[in-house]
Amino acid sequence: MHIAEEHDRTLAPMRCFPPAFVWGTATAAFQIEGATAEDGRTDSIWDTFCRTPGAVAGGDTGDVAADHYHRMPEDVALMRSLGLGGYRFSVAWPRVLRPDGAVNQRGLDFYRRLVDRLLDSGITPFVTLYHWDLPQHLEDRGGWTSRDTAFRFAEYAQTVHAALGDRVLHWTTLNEPYCAALLGYGAGVHAPGRRDPRAAAAAAHHLLLGHGLTTQAIRAADGGARVAITFNLYPVDPADPDDPVDRDAARRVDGLQNRLWLDAVLRGRYPDDVRADLARFGFDEHVRPADLATLAAPVDALGVNYYSGYRVTGHGGPDRRRAEWIGAEHVRPVYRGLPRTAMGWEVQPEGLTRVLLRVHTEYPVLPLYVTENGAAYDDDPAEDGTTHDVERRDYLRGHLTAVHDAIERGVDVRGYFCWSLLDNFEWAEGYAKRFGIVRVDFDTLARTPKLSGLWYSRVARANALPGG
Ligand code: FCB
């Protein structure tokens, strides 16, 4: 395969990363596995959501996805050939537990094989226990609006830990509980597709309760486990810093997107202003006094997912998508004229430095991992199958520079996981939005590293960014 080498500018000094820095990629079960009805897997809320007319672009489903369930050895070999030292993946709950609560060994065996193969390849597994694929039978009993789901989650997590805990050190309970609660139950743009702010408020607390119960259970079983949670964090700025309406809009969005989750897990309390904003949706009714100590069960690290920042105004009108910002009905994002990705997200690398610095300075100091960062662009592969995705390469370079800036300012960042290894099922956007550093041809399922993947591989091997 031939891809024209870009000329790295070599005049400026290399930016070296700390010695044990983990260079990896991230994926999620539903986005890549396919095989949704194989080996005893049952439906998740995403299988159901995909069958809902109009819910997912193009009527796409996860039935085949990137066929990773069948091509896992090839995918691990690919990571190895790219010289990557870490892999963040998620376990599909409906693959490993049956609706009656019994363990589905065939499903669990897939993850045993994956972990074995990663370790044999010198790649450290980082396991995420929940990346949004709730078993449908639990949704039928209320899903995350039901307190019981938090306890079911901890049971499921213990099953996975019992199977993999002898070989897996790094555990993440939840990926982006914000999206699971607010997009899934508030805006209805993610599974299970509910548009009910009261349900979203309940789900937010029950997801965090599930995180706390799971953290306690894994720690009780395994004193050596390193347990984390991953949040999607954003810098949030007022459109007009002198306008009190815009400043209040920024406060509300910052509260919902960032502080609700960070304060709960790292300080053991919900912010008073967010509690007040959510009071009319019954948030407090779900919070029992003893819960706060559970939510704040000590974690060993924090995962940060970062794509873009927000500038917001409080002078907005109705907007379906922004139904996720419950308690902030007139708040809208204002675009700044920055370049945008195919998702429409503004490219704001310096926001990643700000987010990492904020967590480091405002919360108890913890090791941080950038557990997701990457970009969708409309790739246009050449006839020989190569993808010269200069924009994605530049996006990664800009954001890795931002991570390095944070490290130089004293933030303890231990690793970076590019989203994503493969083009995959991008939730409500289906397969049209490609985030991979490796191209997947969805007709043949062939994998071909893109320019960005080859560039990332060189950075990972060098443990340094080229100068410039
Ligand atoms: C994050 C999700 C991940 C992927 C990226 C683009 O919010 O965690 O699964 O869809 O966005």
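We count ligands from 1, going down the list as the structure has it; atoms in each ligand are counted the same way. For the single chain, residues carry numbers from 1 onward in sequence order.
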Nearest-neighbour protein heavy atom for [atom], which is reported as residue plus atom name and distance:
atom                    : result
atom 2 (C) of ligand 1  : Glu372 OE1, 3.3 Å
atom 10 (O) of ligand 1 : Glu426 OE1, 2.7 Å
atom 5 (C) of ligand 1  : Tyr307 OH, 3.2 Å

Would you please say whether a donor-acceptor pair under 3.5 Å links the side chains of [X] and [Y]?
X      : Y      : result
Asp67  : His70  : yes
Trp144 : Tyr130 : yes
Arg15  : His404 : yes
Asp254 : Tyr234 : no
Tyr178 : Gln257 : yes

Worksheet item: Is there any N or O on Glu176 that sits under 3.5 Å from an N or O of ligand 1?
Response: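 Such a contact does occur with ligand 1.
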
Worksheet item: Applying a strict 4.0 Å limit to heavy atoms, is Asn232 in contact with ligand 1?
Response: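 In this structure, Asn232 fails to qualify as a contact of ligand 1 - no heavy atom is under 4.0 Å.
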
Fill in: Any Met343 heavy atom less than 4.0 Å to ligand 1
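The answer is no, since Met343 has no heavy atom less than 4.0 Å from ligand 1.
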
By number and element, which atoms of ligand 1 are closer than 4.0 Å to a non-hydrogen atom of [X]?
X      : answer
Trp132 : 2 (C), 7 (O), 8 (O)
Asn175 : 8 (O)
Trp427 : 3 (C), 4 (C), 9 (O), 10 (O)
Phe435 : 6 (C)
His131 : 2 (C), 3 (C), 8 (O), 9 (O)

Practice prompt. Show your reasoning for whether side-chain contact (heavy atoms from CB on, under 4.5 Å) applies to Asp300 and Arg219.
Written response: CA-CA 11 Å; Asp300 301 295; Arg219 220 179 272 305; 3.0 Å; yes

Discussion item. Does only the side chain of Gln31 get under 4.0 Å from ligand 1, or the backbone, or both, or neither? Count heavy atoms.
Written reply: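 Just the side chain.
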
Item to complete: Mark yes or no for whether His360, through its side chain, and Leu356, through its backbone, hold a donor-acceptor pair below 3.5 Å.
Response: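 No; judged by distance alone, with no hydrogens or angles, the pair does not exist.
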
Item to complete: Please state whether the rings of Trp427 and His131 are parallel, tilted or perpendicular, taking 30° and 60° as the class boundaries.
Response: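 Trp427 and His131: parallel rings.
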
